[in-house]
Amino acid sequence: MALSPSQEIDKFINDLTDWRGKWIKQFRALILKTAPEVAEDWKWGVPVWTCKGNVVASGVFKDHVKLNFFKGASLPDPKKLFNAGLDAKATRAIDIAEGDKLDEAALKDLIRAAVDFNASGGKKK
């Protein structure tokens, strides 16, 4: 029987027995708390959170976790969280290495802005 997207994400997190799994678990809790209207999805073998389109995906690499905001180029980022994919037309990403501290309030603002951007039909305010 196929797993639901939420079950796939549970498995993904549980299979990552190091800091990356803990980090994704914390991010998942943060996004679901910040934007309860988002749905969890499983695309391209990674967790994706959606609301009227793709909002953010979380990938894992050997030495970092990547949060890929699908419409990141259109979002305000006053705290300069985006540190990867800065040349992409639409997306922006945040690469997090072990031990990195991320501004949680700024991340919440970014999540909220991404969800609101999708909900507005993708129009800059």
Side-chain angles (χ1 to χ4, degrees):
M1 194 172 94
L3 298 176
S4 73
S6 291
Q7 290 169 321
E8 287 281 11
I9 296 171
D10 288 340
K11 183 180 179 326
F12 181 77
I13 289 168
N14 290 332
D15 287 348
L16 289 165
T17 56
D18 59 9
W19 69 272
R20 297 169 305 168
K22 290 184 186 81
W23 207 98
I24 302 278
K25 185 177 181 178
Q26 289 174 325
F27 178 71
R28 180 191 203 184
L30 182 73
I31 192 169
L32 294 174
K33 191 172 125 196
T34 303
E37 67 272 36
V38 299
E40 293 190 312
D41 207 344
W42 184 255
K43 300 178 183 182
W44 314 292
V46 297
V48 178
W49 289 271
T50 65
C51 181
K52 293 187 167 63
N54 295 329
V55 175
V56 61
S58 180
V60 292
F61 299 85
K62 200 167 88 175
D63 62 348
H64 68 282
V65 171
K66 180 179 290 285
L67 300 179
N68 190 43
F69 284 80
F70 289 89
K71 310 276 181 11
S74 300
L75 304 177
D77 182 23
K79 300 281 193 209
K80 305 282 183 251
L81 294 183
F82 291 132
N83 61 8
L86 302 177
D87 296 332
K89 279 194 171 86
T91 65
R92 291 289 181 274
I94 304 170
D95 286 352
I96 300 109
E98 186 172 10
D100 282 359
K101 294 280 177 260
L102 208 57
D103 182 333
E104 196 173 293
L107 185 56
K108 283 181 180 174
D109 289 346
L110 210 49
I111 291 166
R112 198 63 260 160
V115 170
D116 292 346
F117 185 79
N118 278 16
S120 72
K123 304 283 182 274
K124 284 189 181 180
K125 288 191 170 74

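For the numbers below, each heavy atom of this structure counts, side chains included, while hydrogens, waters and symmetry mates do not.
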Original post:
With under 30° as parallel and over 60° as perpendicular, where do the rings of W42 and F12 fit, or are they tilted in between?
Top reply: perpendicular

**OP:** Taking the side chain as every heavy atom from C-beta outward, state whether D18 and E98 have any atom pair closer than 4.5 Å.
**Re:** no

Subject >> Where K66 and A84 come nearest, the two heavy atoms and their spacing >> reply: NZ-CB, 3.8 Å

**OP:** Flag the pair R20 and D15 as a salt bridge only when some basic side-chain nitrogen lies within less than 4.0 angstrom of an acidic carboxylate oxygen.
**Re:** no

**OP:** Give the minimum heavy-atom separation between N68 and A93, together with the two atoms involved.
**Re:** OD1-CB, 3.9 Å

**OP:** Please check if W49 and L3 belong to a single hydrophobic cluster, counting links between Ile, Leu, Val, Met, Phe, Trp and Tyr side chain heavy atoms closer than 4.5 Å.
**Re:** no

Original post:
What do you reckon, is CG of D87 surrounded by more than 12 foreign heavy atoms closer than 6.0 Å?
Top reply: no

Subject >> Which atom of A57 lies closest to which atom of V46, heavy atoms considered >> reply: CB-CG2, 4.3 Å

**OP:** May I ask you to decide whether R112 forms a salt bridge with E37, counting only side-chain N to carboxylate O separations under 4.0 Å?
**Re:** yes

Original post:
Is the count of non-hydrogen atoms from other residues, nucleotides or ligands lying under 6.0 Å from K11 atom NZ greater than 12?
Top reply: no

Original post:
CD1/I13 to CD1/I24 distance, rounded to the nearest 0.5 angstrom?
Top reply: 7.0 Å

Original post:
Do L81 and F69 pass the side chain to side chain contact (heavy atoms under 4.5 Å, CB included) test, and can you show the C-alpha distance, the side-chain angles, and the key distance before you say yes or no?
Top reply: CA-CA 11 Å; L81 294 183; F69 284 80; over 6 Å; no

**OP:** Determine, using the 4.5 Å side-chain heavy-atom cutoff (strictly less than), whether V55 and W23 are members of one ILVMFWY cluster.
**Re:** yes

**OP:** Drop me the distance from K79's NZ to L110's CG, to the nearest 0.5 angstrom.
**Re:** 12.0 Å

Original post:
Has the side chain of R92 got a donor or acceptor atom that lies under 3.5 Å from a matching backbone atom of A73?
Top reply: no

**OP:** Applying side chain to side chain contact (heavy atoms under 4.5 Å, CB included), run through D103 and L107 and close with a yes or a no.
**Re:** CA-CA 6 Å; D103 182 333; L107 185 56; over 6 Å; no

**OP:** Indicate if F70 and L75 have the same hydrophobic cluster label, given that clusters are the connected sets of ILVMFWY residues with side-chain heavy-atom separations under 4.5 angstrom.
**Re:** no

Subject >> Stepwise side chain to side chain contact (heavy atoms under 4.5 Å, CB included) check, R28 with E40 >> reply: CA-CA 9 Å; R28 180 191 203 184; E40 293 190 312; 2.6 Å; yes

Original post:
Can V38 and V56 be said to form a side chain to side chain contact (heavy atoms under 4.5 Å, CB included), step by step?
Top reply: CA-CA 10 Å; V38 299; V56 61; over 6 Å; no

**OP:** Calculate, to the nearest 0.5 Å, the distance between atoms CG and CH2 belonging to D100 and W19 respectively.
**Re:** 7.0 Å

Original post:
Roughly how far, to the nearest 0.5 Å, is CG of D10 from OG of S4?
Top reply: 7.5 Å

Subject >> 4.5 Å side-chain heavy-atom contact, I94 and F27 >> reply: no

Subject >> L67-L32 co-clustered via ILVMFWY side chain contacts under 4.5 Å >> reply: yes

Original post:
Is the backbone of V48 close enough, under 3.5 Å, to the side chain of D41 for a donor and an acceptor to pair up by distance?
Top reply: no

Original post:
Within a reach of under 6.0 Å around NZ of K52, are more than 12 heavy atoms found that belong to other residues, nucleotides or ligands?
Top reply: no

Subject >> Rounded distance [0.5 Å steps], CG in N54 versus NZ in K71 >> reply: 7.0 Å

Subject >> Main-chain N/O of F82 paired with D77 side-chain donor or acceptor, under 3.5 Å >> reply: yes

**OP:** Starting at CG of D116, measure out to CG of D109 and round the result to the nearest 0.5 Å.
**Re:** 10.5 Å

Subject >> With sequence neighbours excluded, residues passing salt bridge (Lys or Arg N to Asp or Glu O under 4.0 Å) with D63 >> reply: none

